[in-house]
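Data first, discussion second: the structure below is written as structure tokens.
A note on names: the letters A, B, ... follow the listed sequences, proteins ahead of strands, and every chain is numbered from 1. For the numbers below, each heavy atom of this structure counts, side chains included, while hydrogens, waters and symmetry mates do not.
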Protein chains: 2
Amino acid sequence: MKIAIIGFGTVGQGVAELLVAKRAEIERKIGDFKVVAIADLTGSIWGDFKLENAIEFRRKTGRLPGGRSAREIAEEEDYDVMIEVTTTKLDESGIEYMRTALKKGASVITSNKSIAVDFQGLMKLAESNGARLMYEATVGGVMPIIRLLNSYLALCEILGVRGILNGTCNYILTRMEEEKLPYSQILSEAKEMGIAEANPKADVEGIDAGIKLVILANTIGIPARFEDIEIVGITDITPQAFAVAMQKGYTIRLIAEASRKSLRVSPRLVPLNSPLAIKGTMNAAMIRTDTAGDIFVAGRGAGKYETATAILSDLYELFRTG
Amino acid sequence: MKIAIIGFGTVGQGVAELLVAKRAEIERKIGDFKVVAIADLTGSIWGDFKLENAIEFRRKTGRLPGGRSAREIAEEEDYDVMIEVTTTKLDESGIEYMRTALKKGASVITSNKSIAVDFQGLMKLAESNGARLMYEATVGGVMPIIRLLNSYLALCEILGVRGILNGTCNYILTRMEEEKLPYSQILSEAKEMGIAEANPKADVEGIDAGIKLVILANTIGIPARFEDIEIVGITDITPQAFAVAMQKGYTIRLIAEASRKSLRVSPRLVPLNSPLAIKGTMNAAMIRTDTAGDIFVAGRGAGKYETATAILSDLYELFRTG
């Protein structure tokens, strides 16, 4: 199996490190593999190279040695699978690399939630070229939601999914709940700790969760687009709101919900004893089914090795199911 | 695909009803199928019959029309998959039917946790005959724990699993926590409500959870047998113990734990904000991994259609992965 890695920042390097660390296990369970090309904005490498050396070079110099662009690598190299991990933001250049791969009949594994922009188009492109697009890492990191919906529950009707899909928001809400401090103060501290970004707009306004909800909705057969999602963020939540909620046995969480009736991201009252009252930066989801009742899952929504693990899980799935 | 159903009580009938209700979906995703034989202690049916009619006959008369035994059906009929759902107790006759099927090269899907008695032997028998033994429904009902361990996390090292694997115990502990009543009183009410059995020994003494833990341990590569599990049940827990725990922010749950260091079922202190402090009859598990952190899952541990759904999920998995 020949793998091209497009994007070699934190996640791409995490994937490469796990491919090195778990080589024996992967070869035992999947078969031989070789990373035949890597490209990111700093440069590229292709042909006969050792993956260990490429990781080391990138870490020491901050770049990749060769000069061909990601686009050239995607178009010209020969690979069976593209691991597309260029960004965790909305950035459509990644989609172009995916399209290039899929048109060649190569499968794509991605952590790039930009697939929400053209989910149906990408899936059709994959299907018509006999390739697959795998995207477990796009929603909830290593929380196993996509696999559960697409495979474990494949013979169920999914009545709806309610999830906590943004770790930054959940961290802020958890601290507001526990410390009774205002939103702005917790946000400042979260920025200092690196949990919230300098510009946290996409997180706190619910946009990030909304994009992931588009992917979840499509996964359960609702062909939603971003503009179909009703979105309210967490910026207006006050300690008083928490106090009132707590008195009645509730807390407040930013819930993303997809069902035939509802496509929305909004702060919602959640009973304190509900699994969705989960604390910290974990992502979580409740899947409502016709014959299996409710199934609940939670896991780390982000992180270098967590995201890389979700990508390796897709790799295993791809080669196990052909 | 030719299916034989061995065991036609609640779970077996649930499977048959779902096979009827979801026929179109199953045929679209897996392919044509036909139930070619059904057997239980009341009788059997085989050859050219309509599944709907067999369900109806069994429901109306309390038996199956034919006289061949389950053993004869298992040995003599021609099938690709045996769905073995004879019991939810420890009963080794079910294992004999499984061995018969596996020796013929037919795969087995079971909800029978008796596989704990000879897990390694059955797996070897399956492998040496080119068949598979699927057992999602044996641990935690439709909670997707086996699939996660065997497939989603196949490239992870599993450092340990801690789970709530017995809904009856969790129901009793939850009510003791909430109502501050003694164990014996809650148990009596649980019996009246049909949540606990008339003879609840296997549940409340931790034996049921211990048997499931054997299956989990083997699934993560620890070749444990029942006698390796250290077991303490919930019969000695007092309202005072809950009161002390609650003061410190803990509750008490019957935790089954499998790791290289520990194989035990015992009442443990669980922080009130831990997902394992889950209430009611749900089953739950926390999976600790090397590269994905902790992954948490919960779902209904029992129930006619829930268990049947886990079996259909195995059926999908079997035919998807060959």
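Salt bridge absent: Arg260(B) and Glu157(B) never bring a charged side-chain N and a carboxylate O closer than 4.0 Å.
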_Run Arg253(B) and Glu177(B) through salt bridge (Lys or Arg N to Asp or Glu O under 4.0 Å) and show every step you take._
CA-CA 10 Å; Arg253(B) 291 290 181 267; Glu177(B) 170 192 327; 2.8 Å; yes

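In terms of non-hydrogen atom pairs under 4.5 Å with chain B, the most contact-rich of Ser151(A), Gly14(A), Gly141(A), Gly293(A) is Ser151(A). In terms of heavy-atom pairs under 4.5 Å with chain B, the best-connected choice from Pro275(A), Ala154(A), Cys156(A), Ala277(A) is Ala154(A). Counting heavy-atom pairs closer than 4.5 Å to chain A, the top residue among Thr291(B), Ile295(B), Asp294(B) is Thr291(B). Of the listed residues Glu136(A), Lys279(A), Arg28(A), Lys304(A), the one with more heavy-atom pairs under 4.5 angstrom with chain B than any other is Glu136(A). Of the listed residues (Ala308(A), Ala298(A), Gly303(A), Ala21(A)), the greatest number of heavy-atom pairs within a distance under 4.5 Å of chain B belongs to Ala298(A).
At distances below 3.5 Å, not a single donor-acceptor pair connects side-chain atoms of Asn112(A) with backbone N or O atoms of Glu84(A). One N or O on the side chain of Tyr152(B) and one on the backbone of Val142(A) form a donor-acceptor pair closer than 3.5 Å. At distances below 3.5 Å, not a single donor-acceptor pair connects side-chain atoms of Thr281(B) with backbone N or O atoms of Gly167(B). The closest donor-acceptor contact from the side chain of Lys22(A) to the backbone of Leu155(B) lies under 3.5 Å.
For Arg147(A), the part lying near chain B is the side chain, with the backbone staying farther off; criterion is any non-hydrogen pair under 4.5 Å. Met286(A) does not touch chain B: none of its heavy atoms, backbone or side chain, sits under 4.5 Å away. For chain B, the nearby parts of Glu25(A) are the backbone and the side chain; heavy atoms of each come within less than 4.5 Å. For a residue to count as touching a neighbouring chain, one of its non-hydrogen atoms must lie under 4.5 Å from one of that chain's; by this rule Leu18(A) touches chain B with the side chain only. In this structure, chain B has a heavy atom under 4.5 Å from the side chain of Leu148(A), while its backbone stays farther away.
Partner Asp314(A) forms a side chain to side chain contact (heavy atoms under 4.5 Å, CB included) with one of Thr110(A), Thr309(A), Ile109(A), Leu133(A) and no other, that one being Ile109(A).
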